Structures are given as structure tokens and as C-alpha cells.
Engineer: 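I'd like to ask you about the structure that follows.
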Amino acid sequence: MALKHKTPMLEELEKGPWPSFVADIRRMAARKPMCEDLLGLLELSYEQKEGHWKHGGIVGVFGYGGGVIGRYCDRPDLFPNVAHFHTLRVNQPASKFYSTEQLRKICDMWEEKGSGLTNMHGSTGDMVLLGTTTDQLEPVFYHLTHELGMDLGGSGSNLRTPSCCIGKARCEWSCLDTQEITYDLTMTYQDELHRPMFPYKFKFKTSGCPNDCVAAIARADCSIIGTWRDKIRIDQEAVRAYAAGELVPNGGSHGTAKRALDIQKEVVDLCPTGCMEWDGKTLKIWDEDCTRCMHCINVMPRALRPGQDTGATILFGAKAPILEGAQLSSVVIPFMKMEPPYDEFKELIEKVWDWWMENGKNRERLGELIQRFGMKAFLEAIEVQPDPRMIKTPRYNPYIFYDPADVPGGWEHDPKAFRERHHA
Ligand code: HEM
Ligand code: HEM
Ligand code: SF4
Ligand code: SF4
């Protein structure tokens, strides 16, 4: 179909083997003028090498303080159909399992009330409905809630949409019911999600094991990562089958051809703590020295499995660079059992929120507040004892603060007594 606008640069991106977003949007443009103008606007941005959306945009639905990202084009004279181009975040089902029936209903609604374009999914996890006008926001919201059983996701200084790895639904390594946790947290904290009440944004992500397929450690203020505290389960027969070349290592990730696995070189020598031994017949693991890195299990999924006394390590503080530099989350709870209704976890989270809501500066992420006040203050506020597993190394500098209550005599100083012992 011929577009209303000329798009020679975008057309270059219809070439090549990867699915072309340009070809897809063009297909939709046959039915939706919004898509035609979006391509025209994008071509202009390609030409001029600058964005063509106005700054900001505050729109939404009544009752909620977030969930919609308002956007207005700065050339409505040329592209009137994208003068408004707001995005709705729709809370996705945990791990993004859908029925085709549900997806069809969403598509029909969005083709009628929006641009027909989506992002499946936003980086935080939401289903993103890309592009509609302000007058359609309440009708879309009504349809989502009354017809589709779906709600908006989060945006703004609030709890954002939690997300998780595929977990027990399809992964034999999952130490957590990641979907149940994600759904429970989402439902428990609906108020915090829909009505911004925090100094800044806050995210939960849950991975069933340390492979961390949802990248919780890097992308969530609170990272919940599955682990175990008993022994790795070993099927010695299966270990020997890998050594004999009967089973393909790494589930075939490095080639599906059968080959003998060199257990010494590819597993034992790569164990980060050196806690494994292989005598050619039997694999031994000294579990007390295992840091549960997943390497051996990843290489021999048919032979090794996580233990059965499972729970989560809870880490806090991950964030992107702005303002004070990027952070990965830091271990705060080395191990916590995670079973419904997750009371222990929720008590912890509420203490974290109380402290951050009270002390956090405007637009200060939790990770930055921990840096500013110190891990010691954070641990005191959430009533957690310091633990060697919280640090990679002890501090190297000697600038150590003491509580005067812990120092004999406190900070009271008698200069006269000092001068009697040390004459000026
Ligand atoms: C057991 C004895 C001593 C201890 C524990 C000690 C400890 C320290 C410490 C912790 C610093 C700060 C380091 C820094 O800011 O990075 C420092 C700096 C310094 N000390 Fe000592 N010190 C001792 C003896 C002395 C003596 C006897 C002198 C001179 C006669 C001295 C001269 C200095 C100087 C000039 C600095 C500043 C260095 C700089 O800022 O680059 N110190 N000392
Ligand atoms: C007119 C004389 C002096 C002036 C103007 C002076 C000035 C300074 C200044 C500006 C600093 C840096 C403070 C800071 O980093 O916040 C300093 C640090 C220091 N000065 Fe002096 N100073 C003088 C004499 C001395 C003498 C006579 C000694 C030792 C016998 C001395 C020992 C030190 C030491 C050890 C430090 C490091 C303190 C630390 O790292 O915390 N100063 N001085
Ligand atoms: S994080 Fe672990 S449990 Fe979750 S999908 Fe990845 S490998 Fe499986
Ligand atoms: S999980 Fe990692 S640390 Fe533990 S035995 Fe296997 S390779 Fe070693």
C-alpha cells in the first residue's frame, strides 16, 4: 500500500532477514491513519536525527495516578493523527502466558480504540498499548476492566508492575513459585501501584534461581532470587551418561551433536569455589562450599538438580546510572522461605518502604538512599542483623563510625583532666 508520506529511509529497514517493524506498521497503516502518520513522523526523525515528541504529558484515568504515559507530537501540522499518541501500560499476567482468546479480545479493543500498535512487552513487563487519544483513555480502561478482566500497570513514583521468570510453569530449576509471588505482590500492593506515594519508583522482580532470567538483580529495587540451602541432588548414572557422550551437555546450547562431556575440564575446573571432585566414576560436591552459582546444573541438567529446601535471597537497591551511578542489588536477606501468604517478606518490605518514604529525598531511589545513609542505617531500620554474606569484602578504610553507647565513656570529654595528663 502506498503511504501518504514518503519514507525512503524506513523502507531500507524492510530489507534483511529480521522481522521488520516497518513492514508490520505499514500493514497496520492500511487500516489505521494513526500508523501512517507515525511512520511519516519517524521518517522525519530519521532525516533530522532528533525526536519529534513534545516534552512530557500528564494524562490518565480517574482514581489512578499512573499507568498512562502521555505524549504529543511536536508537528501536529504535518502529522495530525499522532497529535495525541498516549501509551497505556496494561498489567501482564505473570510470566506472560496468554490464551489466544484473550489476545484476540485485546486486539479487537485496541484496533477500535487505539492505533493497533503494541509493545509486547515493555521492559518492566507490562503489555504496552502504543498510541491513542486522551478521549479514548477512559473507554479503554472501562473495556479492560469490565470486558477483559485486566488492569493498568504502574508508572510514576510508585510500585511498578512486578514481573518474574517463567518459574515452575516450565523450568525444572525454579526454587520459587515465581508467578504466585508476582501475582500476590501485585494484588497486595494495588494501592501502591496505582496511586504514587513514594519518593520515586520502586520495582519488584522475581527469578526462580540464580540464572536470573528476569534480570532481577539489575532491574529491580527489590530482587527476589530463588535458591536452596540443602544439597544439590546428583544422579550419578546420568553424570556417567554425560561423560560417556550419551547425553548432550547444556541441553544442546552449544551444539546438539552427541559428544563426551569432559566433566573435569568443563564442570569441576570451572566451579567458582572448587568444591567438586570427579574420579571418572562418581561426582562429589562439598555443598557447604557451594555458592549455588548454577554452573554445574546448567551443564548437566539431566544429572544435577537444585536442593529441595528452597527459598529466596532478597537483594535491594538496583538502579540505572542516574543520578549516583548504576547499581546492582545487594544481598540483604541471604535466605528466606517464600510460602503464601508471604507474611515475613511483606513485613520486611513494609519496613523498607517506611524508611525510604520517611527519609528518601525527592526522586531518590532506594539504592541511593542506602548509599547516602549507609547499609548500617538501612539494616537498623529494617531490623536485620549484619551478616558476612552481605559484603564482598570488608571495608579497606578506617573511617568507622561508632555509636557512643558502644564506646566506654561515650563522647563526653573532660579537657581539664586531659591537660592534667598532657601539659600544653
Ligand atoms: C601509630 C601512629 C599513626 C597512625 C595510626 C596514623 C594514622 C593516620 C591516618 C589514619 C591518616 C589519614 C590517612 C588518609 O587521610 O588517607 C594519617 C595521615 C597523616 N599522618 Fe599519620 N598516623 C600515625 C603517625 C604519624 C606520625 C608520627 C606523623 C608525622 C610525624 C604522621 C603524619 C601524618 C600526615 C602528614 C598525614 C596526612 C597525609 C596526607 O593527607 O596525605 N602520622 N595518619
Ligand atoms: C600554618 C600551619 C598549618 C596549616 C595552614 C595547615 C593546614 C592544613 C590543612 C588545610 C589540612 C587539610 C585539612 C583537611 O583535609 O580537611 C591539614 C591537614 C593536616 N595537617 Fe596541617 N597545617 C599546618 C600545620 C601542621 C603541622 C605543624 C602539622 C604536624 C606537626 C600538621 C599536620 C597535619 C596532618 C596530620 C593533617 C592531615 C589530617 C587528616 O588527614 O585528617 N599540620 N593541614
Ligand atoms: S531464573 Fe532460573 S528458574 Fe527462572 S526460568 Fe531462569 S533458569 Fe528457570
Ligand atoms: S553450583 Fe556452582 S559453586 Fe555449586 S558446585 Fe555447582 S559449579 Fe560449584
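A quick note: this is a predicted structure, and the numbers were derived from the prediction, not measured. Count residues from 1 along the sequence. Atoms within each ligand, like the ligands themselves, are counted from 1 in listed order.
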Engineer: Looking at CZ of Arg240 and NZ of Lys281, how far apart are the two atoms once the value is rounded to the nearest 0.5 Å?
Structural biologist: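 Going from CZ on Arg240 over to NZ on Lys281, the span is 9.0 Å.
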Engineer: For atom 8 (Fe) of ligand 4, what's the nearest protein heavy-atom neighbour? Residue, atom name and distance, please.
Structural biologist: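 Among all protein heavy atoms, the one nearest atom 8 (Fe) of ligand 4 is Cys271 SG, 2.3 Å.
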Engineer: Are Phe79 and His52 close enough that their ring centres sit under 6.0 Å apart?
Structural biologist: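 So the answer is no for these two rings.
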Engineer: Would you mind listing every ring-ring contact (aromatic ring centres under 6.0 Å, His included) that reaches into residues 122-174, with sequence neighbours excluded?
Structural biologist: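 Only Tyr64-Phe141, Tyr142-His146 qualify under ring-ring contact (aromatic ring centres under 6.0 Å, His included).
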Engineer: Looking at the rings of Tyr399 and Phe401, which for Trp means the six-membered one, are their centres under 6.0 Å apart?
Structural biologist: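 So the answer is no for these two rings.
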Engineer: For Met276, take its heavy atoms, then give the atoms of ligand 4 lying under 4.0 Å from any of them.
Structural biologist: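 Listed by number with element, the hits are 5 (S).
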Engineer: In total, how many protein N/O/S atoms does one find closer than 2.8 Å to atom 2 (Fe) of ligand 3?
Structural biologist: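 For atom 2 (Fe) of ligand 3, protein nitrogen, oxygen or sulfur atoms under 2.8 Å: 1.
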Engineer: Main chain of Thr132, side chain of Ser115: is a donor-acceptor contact present, judged purely on distance under 3.5 Å?
Structural biologist: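 Checked: no pair found.
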Engineer: Using a 4.0 Å cut-off to any heavy atom of Ile166, which atoms of ligand 3 qualify?
Structural biologist: 5 (S)
Engineer: State yes or no: are the ring centers of Trp355 and Phe378 separated by less than 6.0 Å?
Structural biologist: yes
Engineer: Can you name the atoms of ligand 4, numbered from 1 with element, that are less than 4.0 Å from a heavy atom of Thr291?
Structural biologist: 3 (S)
Engineer: In terms of heavy-atom contacts, does CD of Glu101 have more than 12 from other residues, nucleotides or ligands at under 6.0 Å?
Structural biologist: no
Engineer: Is atom 2 (Fe) of ligand 4 under 2.8 Å from any N, O or S atom of Cys290?
Structural biologist: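 No - counting backbone and side chain alike, Cys290 has no N, O or S atom under 2.8 Å.
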Engineer: Can you sort out which atoms of ligand 4 are near Cys293, meaning under 4.0 Å from one of its heavy atoms?
Structural biologist: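 So the answer, numbered in order with elements, is 1 (S), 2 (Fe), 3 (S), 7 (S).
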Engineer: Going through the checks in order, is the side-chain hydrogen bond (donor to acceptor under 3.5 Å, both in side chains) test met by Asp126 and Asn91?
Structural biologist: CA-CA 5 Å; Asp126 299 278; Asn91 201 318; 5.4 Å; no
Engineer: For Trp353 and Tyr189, I'd like to know if the aromatic rings sit close, meaning centre-to-centre distance below 6.0 Å.
Structural biologist: yes
Engineer: Could you tell me whether a side-chain N or O of Asp289 sits under 3.5 Å from a main-chain N or O of Cys275, the two making a donor and an acceptor?
Structural biologist: no
Engineer: Show which atoms of ligand 4 fall inside a sub-4.0 Å distance from at least one heavy-atom site of Cys275.
Structural biologist: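 This gives 5 (S), 8 (Fe) as the contact atoms.
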Engineer: Mark up the atoms of ligand 4 that fall under 4.0 Å of a heavy atom belonging to Cys296, in ascending order.
Structural biologist: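 Reading through ligand 4 atom by atom, the close ones are 1 (S), 5 (S), 6 (Fe), 7 (S).
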